[in-house]
Engineer: 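Let me give you the structure first, and then I'll get to my questions.
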Amino acid sequence: MDARLQRALNQVAPAQDTAMHVPAGSVASHLGTTSRSYFYFTTVTLALCLVFAVATIMVLVVQKTDSIPDPPGKFPLKGGNCSDAISCILEKAIFKKSWAYLQVSKHINKTKLSWNQDGIIYGVRYQDENIVIQYPGWYFIICQLQFLVKCPGHSVDLKLELLINKDVKKQALVTVCESEGQTENIYQNLTQFLLAHLQVNTTISVKVDKFQYVDTNTFPLENVLSLFLYSSSD
């Protein structure tokens, strides 16, 4: 081999060997720096996303609050009389297309309750102990009943049922006079709510299994059936 070529190869060989053998500490330091940079970048990105999400939620809450219309006027709620409060709210409310407020009849002689027809009825009909829907849509229904039980020496089950077209949709059940020998009078309130989409001619009624315990004397204004059209479909 030519002497000059041999010297050139000897000069290149150490450089190649040095390039192939990088110190282990240098490699670890490089990888550690890369990992820390990736960790910092990921943390900052997640923090920005969290801030953006919180800001979005706050904007939506503000928009929802602003979209709620102001009530048509302030009105006092009569303390201790929930029925008058409900009636007052309905009279002042902005929804007046379809609503009703009825008090239970004092002449109760069967499980299906009847209601005084001189109550407030607007946009619905009262027929055969039923409220009959005249406009389709989502309706909010509430029934409240007061019971007076003179304990007969054994437990008594009180049940309130809300029916839509003769089908029970919601019910409330409570047992009173559970102690043996208990003879004092028990006053019990049962209330049930329902939000349902109803069609024209749908009927709404109320049943109680122990109708003889419905108290129409002590709190006659507290036994009510009320509803209003929450959202119209037409």
Engineer: Could you go through Leu160 and Cys143, starting from their C-alpha distance and side-chain angles, then the distance that decides it, and tell me whether this counts as side chain to side chain contact (heavy atoms under 4.5 Å, CB included)?
Structural biologist: CA-CA 9 Å; Leu160 180 159; Cys143 180; 4.0 Å; yes
Engineer: Report yes if the side chains of Val149 and Gln188 come closer than 4.5 Å at any heavy-atom pair, otherwise no.
Structural biologist: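 Result no, sub-4.5 Å side-chain heavy-atom pair not found.
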Engineer: What do the steps show when you test Leu148 against Ile186 for side chain to side chain contact (heavy atoms under 4.5 Å, CB included), and what is the final call?
Structural biologist: CA-CA 6 Å; Leu148 173 58; Ile186 299 295; over 6 Å; no
Engineer: How many angstroms lie between CD in Gln144 and CD in Gln103, if you round to the nearest 0.5 Å?
Structural biologist: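 These two atoms lie 11.0 Å from each other.
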Engineer: Does one hydrophobic cluster hold both Phe228 and Trp138, with members joined at side-chain heavy-atom distances below 4.5 Å?
Structural biologist: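 Yes, Phe228 and Trp138 fall within the same hydrophobic cluster.
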Engineer: With sequence neighbours left out, write down each residue that passes side-chain hydrogen bond (donor to acceptor under 3.5 Å, both in side chains) with Asn185, or none if nothing qualifies.
Structural biologist: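 side-chain hydrogen bond (donor to acceptor under 3.5 Å, both in side chains) list for Asn185, sorted by chain: empty.
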Engineer: Got a second to check how far Phe211's CZ is from Ile108's CD1, nearest 0.5 Å?
Structural biologist: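 Separation between the atoms: 8.5 Å.
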Engineer: Looking only at heavy atoms, what is the nearest atom pair of Asn116 and Val104, with distance?
Structural biologist: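 For Asn116 and Val104, the tightest heavy-atom pair comes out as ND2-O, 3.4 Å.
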Engineer: Keeping to residues at least two apart or across chains, list the disulfide bond (SG atoms under 2.5 Å apart) pairs with something in residues 148-212.
Structural biologist: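 Every disulfide bond (SG atoms under 2.5 Å apart) pair that includes a residue of residues 148-212, provided the two are not neighbours, is Cys151-Cys177.
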Engineer: Does Phe140 form a ring pair (Phe, Tyr, Trp, His ring centres under 6.0 Å) with Tyr230? I'd like the steps, not just the answer.
Structural biologist: CA-CA 6 Å; Phe140 184 77; Tyr230 176 76; 8.0 Å; no
Engineer: Evaluate the side-chain proximity of Tyr187 to Asp215: yes if any heavy-atom separation is below 4.5 Å, no if none is.
Structural biologist: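 Counting from C-beta outward, Asp215 and Tyr187 do come under 4.5 Å.
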Engineer: Mind checking the CG-CZ spacing from Leu145 to Phe147? Nearest 0.5 Å is all I need.
Structural biologist: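 One gets 5.0 Å once the value is rounded to the nearest 0.5 Å.
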Engineer: Determine whether Leu190 and Leu158 satisfy the following criterion, side chain to side chain contact (heavy atoms under 4.5 Å, CB included), listing intermediate values before the conclusion.
Structural biologist: CA-CA 8 Å; Leu190 286 183; Leu158 303 175; 4.1 Å; yes
Engineer: Report the C-alpha distance between Trp99 and Ile120 in whole Å, list the side-chain angles of each, state the deciding distance to 0.1 Å, and finish with yes or no for side chain to side chain contact (heavy atoms under 4.5 Å, CB included).
Structural biologist: CA-CA 8 Å; Trp99 62 289; Ile120 303 172; 3.5 Å; yes
Engineer: Using a 4.5 Å cut-off between side-chain heavy atoms of Ile, Leu, Val, Met, Phe, Trp and Tyr, which other residues end up in the same hydrophobic cluster as Leu163?
Structural biologist: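 Cluster partners of Leu163: Val168.
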Engineer: For a quick test of your reading: what N or O donor-acceptor pairs under 3.5 Å do the side chains of residues 195-208 make, sequence neighbours left out?
Structural biologist:
from	atom 1	to	atom 2	distance (Å)
His197	ND1	Gln199	NE2	3.4
His197	NE2	Ser233	OG	2.9
Thr202	OG1	Gln199	N	3.2
Thr202	OG1	Gln199	O	2.7
Thr203	OG1	Asn165	OD1	3.2

Engineer: Locate the shortest heavy-atom distance separating Trp115 from Val224; write the atom from each residue and the value.
Structural biologist: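 That would be CZ3-C, 3.7 Å.
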Engineer: Using every non-hydrogen atom in the two residues, find where Val124 and Ile133 come nearest and quote the distance to one decimal.
Structural biologist: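 Smallest interatomic distance, heavy atoms only, reads CG1-CD1, 4.3 Å.
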Engineer: With sequence neighbours left out, which residue pairs that include part of residues 107-141 fulfil the disulfide bond (SG atoms under 2.5 Å apart) condition?
Structural biologist: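 Matches after skipping sequence neighbours: none remain.
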Engineer: Going by the rule side-chain hydrogen bond (donor to acceptor under 3.5 Å, both in side chains), which residues pair with Lys170 if we only count those two or more places apart in sequence or in a different chain?
Structural biologist: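 In terms of side-chain hydrogen bond (donor to acceptor under 3.5 Å, both in side chains), with neighbours along the sequence ignored, Lys170 is linked to Gln192.
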Engineer: How far apart are the closest heavy atoms of Leu102 and Gly119, and which atoms are they?
Structural biologist: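 The pair with the smallest heavy-atom distance is CD2-CA, 3.8 Å.
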Engineer: Is the NZ atom of Lys150 crowded by more than 12 outside heavy atoms at less than 6.0 Å?
Structural biologist: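 Count not over threshold, so no.
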Engineer: Less than 4.5 Å apart, any side-chain heavy atom of Ile164 and any of Leu194?
Structural biologist: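 Yes, side chains in contact.
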Engineer: Return the set of residues passing side-chain hydrogen bond (donor to acceptor under 3.5 Å, both in side chains) with Glu184 (not counting sequence neighbours), or none when no residue passes.
Structural biologist: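 Gln182.
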Engineer: Does Ser98 reach the main-chain N or O of Gly123 with its side chain, forming a donor-acceptor pair under 3.5 Å?
Structural biologist: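 Present.
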Engineer: Tell me, please, which residues at least two apart from Ser179 pass side-chain hydrogen bond (donor to acceptor under 3.5 Å, both in side chains).
Structural biologist: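 Counting only residues at least two positions away or on another chain, Ser179 forms no side-chain hydrogen bond (donor to acceptor under 3.5 Å, both in side chains).
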Engineer: Any disulfide bond (SG atoms under 2.5 Å apart) involving residues 180-215? Give me the pairs, sequence neighbours left out, ordered by first then second residue.
Structural biologist: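 Every candidate disulfide bond (SG atoms under 2.5 Å apart) pair involving residues 180-215 fails, so no pair, neighbours aside, qualifies.
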Engineer: What's the shortest heavy-atom distance between Leu227 and Tyr139, and which atoms?
Structural biologist: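 In terms of heavy atoms, the two residues are closest at CD1-CD2, 3.6 Å.
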Engineer: First locate atom CG of Leu225, then atom CD1 of Ile142, and finally report the distance between them rounded to the nearest 0.5 Å.
Structural biologist: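 CD1 of Ile142 is found 9.5 Å from CG of Leu225.
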Engineer: For the NZ atom of Lys210 and the OG1 atom of Thr111, what is their distance to the nearest 0.5 Å?
Structural biologist: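 Lys210 NZ to Thr111 OG1: 11.0 Å, rounded to 0.5 Å.
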Engineer: Among all residues two or more places apart in sequence or in another chain, which pass the side chain to side chain contact (heavy atoms under 4.5 Å, CB included) test with Glu129?
Structural biologist: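 So Glu129 forms a side chain to side chain contact (heavy atoms under 4.5 Å, CB included) with Lys110, Lys112, Ser114, Tyr126.
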Engineer: Suppose we screen for salt bridge (Lys or Arg N to Asp or Glu O under 4.0 Å). Which residues come up paired with Lys159, at least two apart in sequence or across chains?
Structural biologist: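 Residues passing salt bridge (Lys or Arg N to Asp or Glu O under 4.0 Å) with Lys159: Glu161.
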Engineer: Minimum heavy-atom separation for Thr191 and Ala172, please, with both atom names.
Structural biologist: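 Heavy atoms only, the tightest pair is O-CB, 4.2 Å.
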Engineer: Taking side chain to side chain contact (heavy atoms under 4.5 Å, CB included) as the test, write out the residues that go with Ser155, two or more places apart.
Structural biologist: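 Side chain to side chain contact (heavy atoms under 4.5 Å, CB included) check on Ser155 returns Thr175.
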Engineer: Hey, is the main chain of Asp128 close enough, under 3.5 Å, to the side chain of Asn130 for a donor-acceptor pair?
Structural biologist: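 Judged by distance alone, yes, a pair lies under 3.5 Å.
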Engineer: To the nearest 0.5 Å, what is the distance between CG (Asp118) and CD1 (Ile121)?
Structural biologist: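 So the CG of Asp118 and the CD1 of Ile121 are separated by 9.0 Å.
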